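By convention in this document, chain letters (A, B, ...) are assigned in the order of the sequence lines, proteins followed by strands, and residues within each chain are numbered from 1. Values in this document were obtained by computation on a predicted structure and should not be read as measured data.
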Protein chains: 2
Amino acid sequence: MTHLRSDAQDNRDKILEVAREVFATEGLDVSMREVARRAQVGPATLYRRFPTKEALVTQAFEEQMGACRDVVEEAVADPDPWRGFCTVIEKVFELHARDRGFTAAFMSAYPKALDFSKNRGEVLALIAGLAARARESGDLRPDFVVEDLVMVIMANGGIRAGSPAASVAASRRFAALAVEAFRAGGRAPLPPAVRLPLMPV
Amino acid sequence: MTHLRSDAQDNRDKILEVAREVFATEGLDVSMREVARRAQVGPATLYRRFPTKEALVTQAFEEQMGACRDVVEEAVADPDPWRGFCTVIEKVFELHARDRGFTAAFMSAYPKALDFSKNRGEVLALIAGLAARARESGDLRPDFVVEDLVMVIMANGGIRAGSPAASVAASRRFAALAVEAFRAGGRAPLPPAVRLPLMPV
DNA sequence: CTGTAAGTGGACGCCCGCGTCCGTTTGGCT
DNA sequence: AGCCAAACGGACGCGGGCGTCCACTTACAG
């Protein structure tokens with residue numbers, strides 16, 4: 001297990017490469033077989049390395065989750081918490097817009113994927129801290145809760161345009177609208193927030 | 001064709017009833033066969049009345065589209081265009097939150113469904129007029145375009161919560177955030193809007 | 001160079017959805 | 001009451017995904 005044979009390692013790499021690409025462009029609703037086919041590999045080989053779709057997905061998105069974490073950590077380091085908060089929204093939305101599967105993976109309940117959900121939890125915790133500071137500085141509306149960010153990330157995932165470029169452009173505008181919505185000074189009180197549970201598969 | 005035999009009419013009614021229910025709760029990704037099964041009808045009977053899924057879907061959602069139109073027409077009649085605009089967002093979001101399939105149907109390109117797409121076009125035109133008045137009255141941000149509303153409706157469709165009630169609650173909060181975002185007086189200029197084409201099937 | 005464990009992918013059996021055909025049933029008109 | 005077109009639904013052949021098994025191949029250690 002520690003050391004894969006060189007050919008096995010090559011296949012594993014190719015599978016992950018293909019999976020990342022196809023998940024990004026088509027979303028997670030791609031059959032295991034389709035991934036195997038595109039990687040020019042037999043179904044058995046795919047299943048040997050990744051016994052379940054969950055295993056494949058979480059491995060494939062480890063990189064994206066890392067990028068997400070980087071974005072958030074950098075934003076948290078911003079001395080202006082509101083600017084950091086806005087950066088998080090813009091960058092994270094773009095990340096999700098460029099990778100259709102990532103939102104689905106991010107929102108999915110993967111009981112076995114400890115690293116993945118640990119990372120998600122930490123990212124959300126970092127954002128919560130940043131939000132608290134932005135609230136205290138008076139720039140973020142006081143009734144903001146982290147669930148609101150989860151909600152708009154889910155919502156952002158619902159936006160589909162004709163091309164990847166158009167999706168990114170739409171998400172950019174959506175992010176700007178989200179920033180406007182979250183800025184302090186809103187005139188209407190918000191209805192109660194809702195906890196959004198992770199969804200099975 | 002003009003007059004169906006009574007038993008055929010009963011079956012047609014039951015199919016539509018079942019389809020509306022299952023599309024509302026499960027979304028459009030339900031097989032024709034599953035609809036037939038739940039309606040206690042053979043596949044052939046279903047296909048005889050509704051040769052394609054498109055035919056079934058558009059018939060099933062005629063009612064919802066009518067409700068949508070009613071909401072919009074009532075809101076357009078409001079002497080205060082901004083209040084009318086807000087009402088549209090709140091009511092339409094709730095309609096979509098209560099019926100998972102409706103957003104998908106609303107956003108789908110159904111080339112054969114003349115009534116359906118005509119209604120959608122008219123609804124959007126009504127909203128565009130309302131928005132123009134709300135913009136002129138100075139309550140709606142000047143850079144708002146109808147595509148923004150389409151975008152947030154799509155986005156609203158991405159929100160999934162544990163139960164129907166939770167979904168509706170989440171949509172309600174999301175609608176309030178959308179209202180905040182669209183209100184005049186936003187401090188940041190928005191990135192360019194994007195036309196969101198209807199999606200095939 | 002060679003033995004062997006690791007690795008491979010084609011093939012299998014299963015289930016499910018698709019759209020259609022056709023032998024049987026039945027509503028409704030005369 | 002009797003007829004027949006309308007309506008029914010079970011069954012079919014096709015394609016595709018699922019996870020697994022196994023006979024063949026190959027990397028690499030000795």
Side-chain angles (χ1 to χ4, degrees), chain A residues 1-19 21-23 25-60 100-101 104-105 108 110-113 200-201, chain B residues 1-23 25-60 100-101 104-105 108-113 200-201:
Chain A
M1 182 72 84
T2 316
H3 293 303
L4 282 181
R5 227 169 68 177
S6 65
D7 54 345
Q9 186 62 50
D10 289 348
N11 277 334
R12 201 190 120 100
D13 292 346
K14 188 160 197 180
I15 289 170
L16 277 180
E17 177 194 328
V18 164
E21 184 191 322
V22 69
F23 286 153
T25 57
E26 319 265 334
L28 296 189
D29 288 344
V30 180
S31 70
M32 290 291 257
R33 261 181 166 63
E34 180 65 20
V35 174
R37 237 167 297 162
R38 299 209 197 191
Q40 289 167 297
V41 147
T45 299
L46 173 54
Y47 281 109
R48 198 172 313 112
R49 296 297 153 234
F50 307 96
T52 67
K53 195 164 190 172
E54 170 174 335
L56 176 59
V57 167
T58 53
Q59 278 301 310
R100 276 191 62 171
S108 294
Y110 287 132
K112 309 283 178 53
V201 189
Chain B
M1 184 72 85
T2 316
H3 293 304
L4 283 180
R5 227 169 67 176
S6 64
D7 54 345
Q9 185 64 50
D10 289 348
N11 278 334
R12 202 189 118 99
D13 293 346
K14 187 159 197 180
I15 288 170
L16 277 180
E17 177 193 327
V18 164
R20 278 193 257 266
E21 185 191 321
V22 69
F23 286 153
T25 57
E26 319 265 334
L28 297 189
D29 288 343
V30 181
S31 70
M32 291 290 258
R33 259 178 167 67
E34 180 63 22
V35 175
R37 238 168 296 163
R38 298 208 197 191
Q40 288 166 297
V41 148
T45 300
L46 173 54
Y47 281 110
R48 199 172 309 114
R49 294 297 153 235
F50 306 97
T52 67
K53 194 164 190 171
E54 169 174 337
L56 176 59
V57 168
T58 53
Q59 277 302 310
R100 274 191 63 170
S108 294
Y110 287 131
K112 308 285 178 53
V201 189

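Counting heavy atoms from C-beta on, the side chains of B:Pro111 and B:Glu54 come closer than 4.5 Å.
Separation of atoms CG (A:Asn11) and CG (A:Leu4) is listed at 10.0 Å; rounding is to 0.5 Å. Atoms CZ and OG1, on B:Arg20 and B:Thr25 in that order, are 14.0 Å from each other to the nearest 0.5 Å.
Along DNA chain D, the nucleotide closest to B:Val41 and the one closest to A:Val30 are compared, and the more 5′ of them pairs with B:Val41. Sequence order on DNA chain C of the closest nucleotides to A:Gly42 and B:Glu34 puts A:Gly42 first from the 5' end.
Pairs passing the side-chain hydrogen bond (donor to acceptor under 3.5 Å, both in side chains) check and including a residue from residues 40-53 of chain A, sequence neighbours excluded, read A:Lys14-A:Gln40.
For the pair A:Leu46 CG and C:dG7 C1', the interatomic distance rounds to 14 Å; values are reported in whole Å. As a whole-Å value, the separation of B:Asp29 CG from C:dC18 P is 11 Å. Distance CD (A:Gln40) to C1' (C:dG7): 18 Å, rounded to an integer number of Å.
Partners of A:Gln9 according to the side chain to side chain donor-acceptor pair (under 3.5 Å) rule, which considers only residues two or more places apart in sequence or in another chain, are A:Asp13. Partners of A:Arg100 according to the side-chain contact (heavy atoms from CB on, under 4.5 Å) rule, which considers only residues two or more places apart in sequence or in another chain, are A:Arg160. Residues passing the side chain to side chain donor-acceptor pair (under 3.5 Å) test with A:Arg33, sequence neighbours excluded: none. Partners of A:Ala104 according to the side-chain contact (heavy atoms from CB on, under 4.5 Å) rule, which considers only residues two or more places apart in sequence or in another chain, are A:Leu28. Partners of B:Glu26 according to the side-chain contact (heavy atoms from CB on, under 4.5 Å) rule, which considers only residues two or more places apart in sequence or in another chain, are B:Val22, B:Val30, B:Arg38. Take B:Arg5 and apply the side chain to side chain donor-acceptor pair (under 3.5 Å) test, not counting sequence neighbours, and it matches B:Asp7.
Comparing C:dT8, C:dG17, C:dG7 by their closest approach to the side chain of B:Ser31 singles out C:dG17.
Heavy-atom neighbours of B:Asp10 CG from other residues, nucleotides or ligands within 6.0 Å: above the threshold of 12.
Contacts of residues 6-18 of chain B with DNA chain C (heavy atom under 4.0 Å): B:Ser6, B:Asp7.
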TODO: Would you mind building the protein contact string for nucleotides 20-25 of chain C? One character per nucleotide, 5' to 3', B for base within reach (heavy atoms under 4.0 Å), S for sugar-phosphate only, - for untouched.
DONE: BB----
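Interface limits on DNA chain D: the 5'-most and 3'-most nucleotides within less than 4.0 Å of chain A heavy atoms are D:dG17 to D:dC28.
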